[in-house]
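Working notes for the structure below.
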Amino acid sequence: MTLNQNALFQINYGLFLVAANENGKDNACIVNTVMQVTQNPLRLLVSINNQNLTHDMVKNTGKLTISVLTEKTPFSVYKHFGYQSGKQTDKFADFDDVTRCANGCYRLNRNSSAFFCGTVYDSIALTTHTLFLIDVTAADVVSSERTVTYDYYQNNVKQPYKPTAKKPETTKATGESKDADGAPKNSYVCKVCGYVYEGESLPEDFICPICKHGASDFEKI
């Protein structure tokens, strides 16, 4: 077991890939909250959305691996793990730069600066997320690449929402005009996770039910 304390320098204000394995099936999701709670024993706090399959796997097995993503991580990685459902697919089927840790969960190599392997010590269920308190069983620095921050992701990695090139249509039932991708004309997309809010206007105090970001992180479609 390797516990490299230098790995802890990689987790401030970053974006992370949380991987889990259950009954031979692998899945992972992008999260933006990983915090050190105690030093001895080394424990981390990880927040995972309740609607994600990875959340259910971690809850059922009590095991996960956290890969700290780097600035060089391409948008395709975020799109694959953050936007696509893993209920019918194996999220790691097309990835060759992964290593399976002692707890059975994958970690990224090429696109991570550090990783943490651990087991769930305790959890707190909130309305939309669960806070998992993790006992770290292994940790190490993977590369010297700079850890990606949320601001860097927004300004340099995130690609703008682009609807498919179809003509607008009008529903027969309501006569409501819809945009190219089938979303109502007056709708807003979350720039963080892609959630679409359908409505005439977006409330100023609206909170995304998926990633918990506010109205300022939405743009009109």
- Between N103 and L64, the two heavy atoms sitting closest are ND2-O, 2.9 Å
- Side-chain donor or acceptor of N109 paired with backbone N/O of D97 under 3.5 Å: yes
- With respect to V18, which candidate in V31, N27, I134 satisfies the side chain to side chain contact (heavy atoms under 4.5 Å, CB included) definition? V31
- Item | Student check: side-chain heavy atoms of F95 and H80 closer than 4.5 Å | yes
- Query: Residues in side chain to side chain donor-acceptor pair (under 3.5 Å) with T130, at least two apart?
  - Reply: N50, H55
- Query: What pair of heavy atoms forms the shortest contact from A28 to A19, and how long is it?
  - Reply: CB-CA, 3.9 Å
- Query: Below 4.5 Å, heavy atoms only, C-beta onward: do V148 and S113 meet side chain to side chain?
  - Reply: no
- Task: Mark yes when over 12 heavy atoms from residues, nucleotides or ligands other than Y121 sit less than 6.0 Å from its OH; otherwise mark no.
- Result: no
- Query: How many angstroms lie between atom CG of L45 and atom CD1 of I124, to the nearest 0.5 angstrom?
  - Reply: 7.0 Å
- Message: Within the structure provided, determine whether C29 and I48 are in side-chain contact (heavy-atom separation under 4.5 Å).
- Response: yes
- The reported gap from CG in N21 to SG in C101 (rounded to nearest 0.5 angstrom) is 11.5 Å
- Task: Would you list the pairs meeting salt bridge (Lys or Arg N to Asp or Glu O under 4.0 Å) in which at least one residue belongs to residues 117-130, sequence neighbours left out?
- Result: none
- Query: In the single-linkage hydrophobic clustering (I, L, V, M, F, W, Y; side-chain heavy atoms under 4.5 Å), do V34 and V37 co-cluster?
  - Reply: no
- Item | Full working for side chain to side chain contact (heavy atoms under 4.5 Å, CB included) between V189 and E219 | CA-CA 6 Å; V189 63; E219 62 185 5; 3.7 Å; yes
- Task: Determine, using ring centers only, whether F218 and Y197 are less than 6.0 Å apart.
- Result: no
- Query: Distance from Q51 atom CD to D56 atom CG, nearest 0.5 Å?
  - Reply: 10.5 Å
- Message: Pair Y78, L69 - check side chain to side chain contact (heavy atoms under 4.5 Å, CB included), show working.
- Response: CA-CA 10 Å; Y78 296 96; L69 300 177; 3.6 Å; yes
- Pairwise distance CG(L44) to OG1(T38) - rounded to 0.5 angstrom: 8.5 Å
- Message: Quick check: is F75 connected to I30 through a chain of hydrophobic side chains (ILVMFWY, heavy atoms under 4.5 Å apart)?
- Response: yes
- From T119 OG1 over to R43 CZ, what is the distance, rounded to the nearest 0.5 angstrom? 9.0 Å
- With side chains defined as the heavy atoms from C-beta onward, is the minimum distance between V157 and Y152 less than 4.5 Å? yes
- Message: Could you report the tightest heavy-atom contact between S47 and H129, atom names first, then the distance?
- Response: OG-CD2, 3.3 Å
- Hits for side-chain contact (heavy atoms from CB on, under 4.5 Å) against D217, two or more places apart or cross-chain, chain-then-number order -> Y150, V192, H213
- Is L133 reachable from L126 through a run of hydrophobic residues whose side-chain heavy atoms are each under 4.5 Å from the next? yes
- Please tell me if the side chains of L42 and Q36 come closer than 4.5 Å, counting only heavy atoms from C-beta onward. yes
- Task: Please name all residues satisfying side-chain contact (heavy atoms from CB on, under 4.5 Å) with V142, sequence neighbours left out, ordered by chain then number.
- Result: R107, S112, F115
- Partners meeting ring-ring contact (aromatic ring centres under 6.0 Å, His included) with Y188 (sequence neighbours left out): none
- Message: As an exercise, state the distance from OG1 of T147 to CG of L15, rounded to the nearest 0.5 Å.
- Response: 10.0 Å
- Message: Would you say N52 and T54 are linked by a side-chain donor-acceptor pair, where the criterion is simply a distance under 3.5 Å?
- Response: yes
- Task: Determine yes or no for a side-chain-to-main-chain donor-acceptor pair under 3.5 angstrom, with T137 supplying the side chain and C117 the backbone.
- Result: yes
- Message: Test of understanding: with side chain to side chain donor-acceptor pair (under 3.5 Å), list the residues that count as partners of T70, not counting sequence neighbours.
- Response: T73
- Taking the side chain as C-beta and beyond, is there a heavy-atom pair between M57 and D26 under 4.5 Å? no
